[in-house]
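Right, one structure below, let's go through it.
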Amino acid sequence: MDDRYSRQTLFKPIGSSGQENIVNSHVLIIGCGALGSANAEALVRAGVGRVTLIDRDYVENSNLQRQQLYTEKDVLGQLPKAIAAKRHLSLINASVEVTAHVMDATSHSLEPILNDVDVVIDATDNFDIRFIMNDLIHKHNIPWIFGSCVGSTGMSYTVLPKETPCLHCLLAAAPMFGATCDSVGIISPAVQMVVAHQVTETLKLIVMDRSSLRNKLVTFDLWNNHYQTIKVGRAKKTDCPTCGENPTYPYLNYEVQTKTEVLCGRNTVQIRSGLKEQSLESLAKQLEKIGPIKLNPFLLSIEYRTYRIVFFKDGRTFIHGTNSIEDAKRIYYQLVG
Ligand SMILES: [Zn+2]
């Protein structure tokens with residue numbers, strides 16, 4: 001082996017055998033925003049063999065302040081985040097196999113890609129997906145590293161199926177998950193702090209140094225100089241529907257797969273059609289008389305009155321400029337009939 005990973009293998013808890021584990025591991029990162037891109041970059045640099053990325057969004061100007069993988073060129077090209085991330089990650093470390101999925105994370109879309117995954121990293125921004133993940137990782141027995149940040153604050157917790165409390169249990173014990181929208185803003189060090197915890201816990205799991213895992217919920221506020229780790233082991237409930245003795249995995253069993261969704265803090269509504277794939281070329285022909293369009297292999301965007309509408313190849317549509325599902329549906333049907 002060349003000296004690419006020499007500083008990492010010199011670190012005793014990893015060593016050359018740990019590096020071998022890292023090269024043979026597969027990490028799934030759900031979300032390619034601020035947390036997702038920083039986690040992905042660190043793990044790709046560390047030499048993780050396979051990294052799978054999922055994200056439903058594309059790169060926008062307001063992302064560049066903290067989403068470290070993306071460039072102004074990605075904004076101009078309106079590239080989906082998963083695609084842009086994969087391109088940049090391949091330039092950083094060509095030996096890592098990066099798989100990018102431009103899609104919604106749902107129980108249906110996630111379950112088929114959990115095969116062979118060693119660790120799942122939570123880089124989402126909403127609890128709907130987190131509760132689906134909470135069920136899935138328990139069903140498939142995969143460690144999962146929760147992370148969230150807003151303003152100058154953040155928190156992280158490592159969920160180990162059959163050992164630690166799950167997200168349900170944690171929420172019941174510590175109802176501290178208040179702000180989830182990006183309406184109060186965020187500074188990038190809060191992202192980095194969460195990522196530092198997530199990546200370190202991931203490496204401990206991959207090199208099988210379980211005795212070094214934190215086992216505590218960590219919360220911090222960088223601006224107000226607060227750092228706390230909280231023992232939450234006793235929060236685990238034996239009758240929990242996800243991690244208890246008789247799990248029912250409630251978030252996989254009923255339809256939480258809403259067709260329309262207001263995207264938190266974005267003034268945007270997502271509409272998911274029944275289509276598995278929509279032809280962007282024929283949409284382009286249909287819409288070119290209506291307003292200026294931009295087309296790339298992954299999405300088509302059009303300006304229409306005060307709205308911007310983005311059609312994704314996988315059948316989803318974003319209506320930017322409204323928080324009203326009724327308005328969004330009206331615009332959508334006006335355009336596509
Ligand atoms: Zn539980």
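Numbering of ligands and ligand atoms starts at 1, following listing order.
With respect to the salt-bridge test (charged N to carboxylate O, under 4.0 angstrom), the residues K236 and E163 do not qualify. Salt-bridge annotation for K237 and E245: absent, with no side-chain N of the basic residue lying under 4.0 Å from a carboxylate O of the acidic one. A salt bridge is absent between R210 and E201; no separation between the charged side-chain nitrogens and carboxylate oxygens falls under 4.0 Å.
Two rings, from F318 and F311, have their centers 6.0 Å or more apart. Taking the centre of each ring, Y157 and H197 stay at or above the 6.0 Å mark.
Listed by chain and number, C166 SG, C169 SG, C240 SG, C243 SG are the protein N/O/S atoms closer than 2.8 Å to the Zn ion (ligand 1), with waters left out.
Considering CD of E97 and NE2 of H26, their distance stands at 7.5 Å, rounded to 0.5 Å.
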